[in-house]
Amino acid sequence: MLRWEYALLVRRRQPRLDEAGWELAFTWYSPDGGVLDVSPYGDTALAHLNRAGAQGWELVSVTEDPTQGSSELHRYHLKRPLPAAAPRPRIRGTGRRGTVG
């Protein structure tokens, strides 16, 4: 049975800290619960999605949160197949019970 793991890429437009204006910030939420600022790896959502695609991630959906005002919050939901688990060895009995050898 195919199993999936999921991740989330969030794009925010936020005020710049060093000067007037706005900047885009990208945050990666990994399947293991990690949170990483991936802004240095690209300046567009497309660059980040292509990078994720090269790592086996598939875009599932995109949502926008209009309640965030001018921050333009976008969420990119991604998934990829989990590696197949090694099959567990089966322990088989001899089928004979109570025999004395």
Is there a side-chain contact between [X] and [Y] in this structure, where contact means two heavy atoms from C-beta onward sitting under 4.5 Å apart?
| X | Y | result |
| --- | --- | --- |
| H77 | T63 | yes |
| T27 | V35 | yes |
| L82 | W4 | no |

Examine [X] and [Y] and state if one hydrophobic cluster contains both, with Ile, Leu, Val, Met, Phe, Trp and Tyr joined whenever side-chain heavy atoms are less than 4.5 Å apart.
| X | Y | value |
| --- | --- | --- |
| L59 | V38 | yes |
| W28 | L24 | yes |
| V62 | Y29 | no |

Would you name the heavy atoms of [X] and [Y] that are closest together and state the gap between them?
| X | Y | value |
| --- | --- | --- |
| P81 | L2 | CB-CD1, 3.7 Å |
| D32 | G34 | OD1-N, 3.0 Å |
| G42 | A47 | CA-CB, 4.3 Å |
| P31 | A7 | CD-CB, 4.2 Å |
| V60 | L78 | CG2-C, 4.1 Å |

To the nearest 0.5 Å, tell me how far [X] [atom1] sits from [Y] [atom2].
| X | Y | atom1 | atom2 | result |
| --- | --- | --- | --- | --- |
| E64 | H74 | CD | NE2 | 3.5 Å |
| L49 | R11 | CG | CZ | 11.0 Å |
| R75 | L9 | CZ | CG | 11.5 Å |

Should the pair R51 and Y41 be classed as cation-pi, given the thresholds of under 6.0 Å to the six-membered ring centre and 45° from the axis?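 R51 over Y41 ring: yes.
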Could E5 and R80 be called an ion pair, given the rule that one side-chain N must be under 4.0 Å from one carboxylate O?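 Judged by the 4.0 Å cut-off on N to carboxylate O distance, E5 and R80 do form a salt bridge.
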Y76 vs L8, side-chain contact (heavy atoms from CB on, under 4.5 Å): CA-CA, chis, key distance, verdict: CA-CA 6 Å; Y76 302 89; L8 179 65; 5.8 Å; no
Check the angle between the aromatic planes of F26 and H48 and answer parallel, tilted or perpendicular using the 30° and 60° thresholds.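 Tilted: the ring planes of F26 and H48 meet at 30° to 60°.
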Around N50, counting heavy atoms of other residues, nucleotides and ligands shown, do more than 12 lie under 6.0 Å from its CG?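 Result for CG/N50: enclosed.
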